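Following: one structure in structure tokens, then a few remarks.
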Number of protein chains: 2
Amino acid sequence: MENNKLMDKGPFSLQNLNRFSKQSCSGCRVADQCLPGLIVRNNSSCSLDRYSLDNLVERRRIFHQNEHLSFKMQRLDYLYAIHSGSCKAYYVDHEAREHITNFYYPGDVIGLESIFSRKHLVDIVALETSSICFIELSRFMQLHQQSSEIRTQLVNLYSQQLWQAYCMQGTFKAEELLVRFLLNLSHHAKARGESEEQLHLSMGRHDIGSYLGLSSETVSRVITRLKKQKLISVNRSMITLRNLSALHLLGGNVESV
Amino acid sequence: MENNKLMDKGPFSLQNLNRFSKQSCSGCRVADQCLPGLIVRNNSSCSLDRYSLDNLVERRRIFHQNEHLSFKMQRLDYLYAIHSGSCKAYYVDHEAREHITNFYYPGDVIGLESIFSRKHLVDIVALETSSICFIELSRFMQLHQQSSEIRTQLVNLYSQQLWQAYCMQGTFKAEELLVRFLLNLSHHAKARGESEEQLHLSMGRHDIGSYLGLSSETVSRVITRLKKQKLISVNRSMITLRNLSALHLLGGNVESV
DNA sequence: CGAAGACTTGACCGCAGTCAACCGGCGTGG
DNA sequence: CCACGCCGGTTGACTGCGGTCAAGTCTTCG
């Protein structure tokens, strides 16, 4: 029932999509936030014809929860863009600990960190039922050579992701980390036109911990503490930020990317 | 005396450089590792004339220890490439703690994480007397639009740096962090044609700690421990890796970038 | 030679990891 | 329909790594 409500409120109805479908970016709902979408949208000043651009996304496919988009060490044939849903990227270290490198949401492009090695450096998994766009890498690189829009957008995208990654380095208190994580989610949700207070966490406590460098127990404890301080309220995987300004203070007012 | 020896062995004699000097990449000693250098070297298939390329680096200048290349929040007019010496980039958080985002060595390009915001997101400081190449950002972006070499190299560079940053996320033991740090230095030194066992640490313990998310005391203690295990030997800022394979084991055999 | 600063070492403490018990929702099968 | 088991989340007790504070050492430089 909770789930049905979510589906109805979602950006589009999953049922209407074929499992494999030829898609174009022109009509995409998250085109505003997405790299291919941005490029297509700015087509006017672009040296490429509309056909090439709309074919940047080769196809789209539904992935179910815990289904892999790709495995570590596979050849890097595609980048992925998230149309709806969410994914995590992770690798397993020599002591069998899972390290999540990033979470991805609608409009995000996946795989940028792996390009130099020409193979996937991480496993990529859907956190919930998700609609994923396939961007053939060779075509992308071709278009990248031809379109100044792609170039500009790509540099900005890389630059942002790099800065974001830098901001995760160093040592922080558990509370600070978690608050920043939540504010980051909120920021991105807002950018996508969703609520900035109501967050739906598609990943488990363990995943959050793995991303932030904490144990799932610590994540749980900090959430409980924030709940007691009335800064957030929690309903299963739904978190409501009750006092954004107070949270910004706790998180150190980091200008999120 | 130690210093003189270093100068003589160094890649080139600092004294021969003017403080400001017009430079070209064609004859540069670290061109093999450097982004502008790589581009100039592959000029054959390049759409740009040699003049434009050699003028990618607008000028070169000597910075002394602790001298700032640029300050946080300044407009981003230049990227920097290190010709010799080394630098650190850092920001100060809301609790006045210094976070080092990265160290830079000959051939490295500085400023890539700041491009999207059009201003410097970090302070950049020379760790020792260093010769720094100035790359005017507007010219770089122009050339980036014109040269497919720059594009390919830049994507690879970003991709690498992003992966490297991802690998620093998550939680690791102090020993593991430090060993990986040393092995990374070793790896890069080797790539520059220097010794992979003899490392000269141009930054202090505090800086290493700030980069790895440790206190300087912990860095010191771990170094002492490794010394006692005969894995390294230490002579002030000179560290010798005595057992690379054992160190690789401790560091978790991470494929360094 | 003396002062300043970086590094080392020791003592103590606190945050977060680990281990374990418990809870509560959900799905499955009787 | 209920009973059961599973899994993710929460909570508690304990521990240990690494932070903090402080003293002491070594190096450099004026």
Side-chain angles (χ1 to χ4, degrees), chain A residues 1-6 64-66 88 93 95-100 125 127-128 170-179 181 200-229 232-239 250, chain B residues 1-4 6 64-66 88 93 95-100 125 127-129 170-179 181 200-229 232-239 250:
Chain A
M1 172 166 167
E2 187 79 280
N3 265 338
N4 282 336
K5 234 174 67 189
L6 274 174
H64 295 294
Q65 190 173 29
N66 298 324
K88 65 174 176 179
D93 74 12
E95 287 176 8
R97 288 171 304 196
E98 181 181 299
H99 293 269
I100 290 183
V125 175
L127 289 167
E128 58 196 316
T171 180
F172 295 96
K173 291 256 184 304
E175 192 174 71
E176 194 175 344
L177 282 170
L178 190 74
V179 169
F181 173 71
H200 167 245
L201 300 185
S202 53
M203 73 295 289
R205 305 289 189 259
H206 178 78
D207 283 345
I208 298 175
S210 165
Y211 177 59
L212 298 175
L214 302 170
S215 70
S216 64
E217 291 95 330
T218 299
V219 173
S220 191
R221 273 186 259 268
V222 174
I223 288 178
T224 308
R225 205 184 312 152
L226 294 174
K227 203 164 52 182
K228 282 181 183 155
Q229 298 173 245
I232 62 174
S233 52
V234 184
N235 192 301
R236 287 214 68 51
S237 68
M238 195 66 85
I239 287 200
L250 276 182
Chain B
M1 171 166 169
E2 187 77 283
N3 265 336
N4 282 335
L6 273 174
H64 296 294
Q65 189 172 30
N66 296 325
K88 65 174 176 180
D93 73 11
E95 287 175 7
R97 287 171 304 196
E98 182 180 298
H99 293 269
I100 290 181
V125 175
L127 289 167
E128 58 195 317
T129 302
T171 182
F172 296 96
K173 291 253 184 301
E175 191 174 74
E176 194 175 345
L177 282 170
L178 190 74
V179 169
F181 173 70
H200 166 246
L201 300 186
S202 53
M203 74 295 289
R205 306 289 190 260
H206 178 78
D207 284 344
I208 298 174
S210 164
Y211 178 60
L212 299 176
L214 303 170
S215 69
S216 63
E217 292 94 328
T218 299
V219 173
S220 191
R221 273 187 258 268
V222 173
I223 288 179
T224 307
R225 205 184 311 151
L226 294 174
K227 203 163 54 181
K228 281 181 183 155
Q229 296 172 247
I232 63 174
S233 52
V234 183
N235 191 300
R236 284 230 52 60
S237 68
M238 195 66 87
I239 287 201
L250 275 183

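Here is the naming used below: chain letters follow the sequence lines, and residue numbers restart at 1 for every chain. Side chains included, hydrogens not; waters and symmetry mates left out as well; all remaining heavy atoms used. Every value quoted in this text rests on a predicted model; they were computed, and no experiment measured them.
- In the helix from C:dC1-D:dG30 to C:dG30-D:dC1, the rotation axis of the first five pairs and that of the last five pairs differ in direction by 30°, rounded to 10 degrees.
- Residues that satisfy the salt bridge (charged side-chain N to carboxylate O under 4.0 Å, His left out) test with A:Arg225, not counting sequence neighbours, are A:Glu175.
- Residues that satisfy the side chain to side chain contact (heavy atoms under 4.5 Å, CB included) test with A:Leu127, not counting sequence neighbours, are A:Ser86, A:Lys88, A:Phe103, A:Ser202, A:Met203, A:Asp207.
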Pick out the pairs of N or O atoms, protein on one side and nucleotides 10-14 of chain D on the other, that lie under 3.5 Å.
{"from": "D:dT10", "atom 1": "OP1", "to": "A:Arg205", "atom 2": "NH2", "distance (Å)": "3.4"}
{"from": "D:dT10", "atom 1": "OP2", "to": "A:Arg205", "atom 2": "NE", "distance (Å)": "2.9"}
{"from": "D:dT10", "atom 1": "OP2", "to": "A:Ser220", "atom 2": "OG", "distance (Å)": "2.6"}
{"from": "D:dT10", "atom 1": "O5'", "to": "A:Ser220", "atom 2": "OG", "distance (Å)": "3.0"}
{"from": "D:dT11", "atom 1": "OP2", "to": "A:Thr224", "atom 2": "OG1", "distance (Å)": "2.8"}
{"from": "D:dG12", "atom 1": "N7", "to": "A:Arg221", "atom 2": "NH1", "distance (Å)": "3.0"}
{"from": "D:dG12", "atom 1": "O6", "to": "A:Arg221", "atom 2": "NH2", "distance (Å)": "3.4"}

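- Rounded to a whole Å, the CG atom of B:Leu214 is 15 Å from the P atom of C:dA16.
- Taking atom CD on B:Glu175 and atom C1' on D:dG18, their separation rounds to 13 Å, with Å as the unit.
- Atom CE of B:Met203 is separated from atom C1' of C:dA6 by 15 Å (rounded to the nearest Å).
- Distance, A:Lys173 NZ to D:dG19 C1': 8 Å, rounded to whole Å.
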Handout entry: Base-contact (B) and sugar-phosphate-only (S) positions in nucleotides 24-30 of chain D, heavy-atom cut-off under 4.0 Å, - elsewhere
Key = ---S---
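- For A:Ser237, the side chain to side chain donor-acceptor pair (under 3.5 Å) criterion is met by no residue, not counting sequence neighbours.
- The distance between atom CG of B:Asn235 and atom P of C:dC7, rounded to the nearest whole Å, is 13 Å.
- Counting heavy atoms from C-beta on, the side chains of B:Asn66 and B:His64 never come closer than 4.5 Å.
- The distance from atom CD1 of A:Ile208 to atom C1' of D:dG9 is 11 Å, rounded to the nearest whole Å.
- Residues meeting the side chain to side chain contact (heavy atoms under 4.5 Å, CB included) test with A:Thr224, sequence neighbours left out: A:Lys228.
- In this structure, the NE2 atom of A:His206 is 10 Å from the P atom of D:dG9, given to the nearest Å.
- Between B:Phe172 and A:Glu95, every side-chain heavy-atom pair lies at or beyond the 4.5 Å cut-off.
- Legend: residues meeting side chain to side chain contact (heavy atoms under 4.5 Å, CB included) with B:Glu217, ordered by chain and number and at least two apart, are B:Ser215, B:Arg221.
- When heavy atoms are screened at a 4.0 angstrom cut-off, B:Gly213 is found touching the sugar-phosphate backbone but no base atom.
- Residues passing the salt bridge (charged side-chain N to carboxylate O under 4.0 Å, His left out) test with B:Glu128, sequence neighbours excluded: none.
- Applying the side chain to side chain contact (heavy atoms under 4.5 Å, CB included) rule to B:His206 yields the partners B:Ser216; only residues at least two apart in sequence or on another chain are considered.
- The CZ atom of A:Arg97 sits 18 Å away from the P atom of C:dA16 (whole-angstrom rounding).
- Between B:His99 atom NE2 and A:Thr171 atom OG1 the span is 8.0 Å, to the nearest 0.5 Å.
- Between B:Leu178 and B:Leu226, some side-chain heavy-atom pair lies under the 4.5 Å cut-off.
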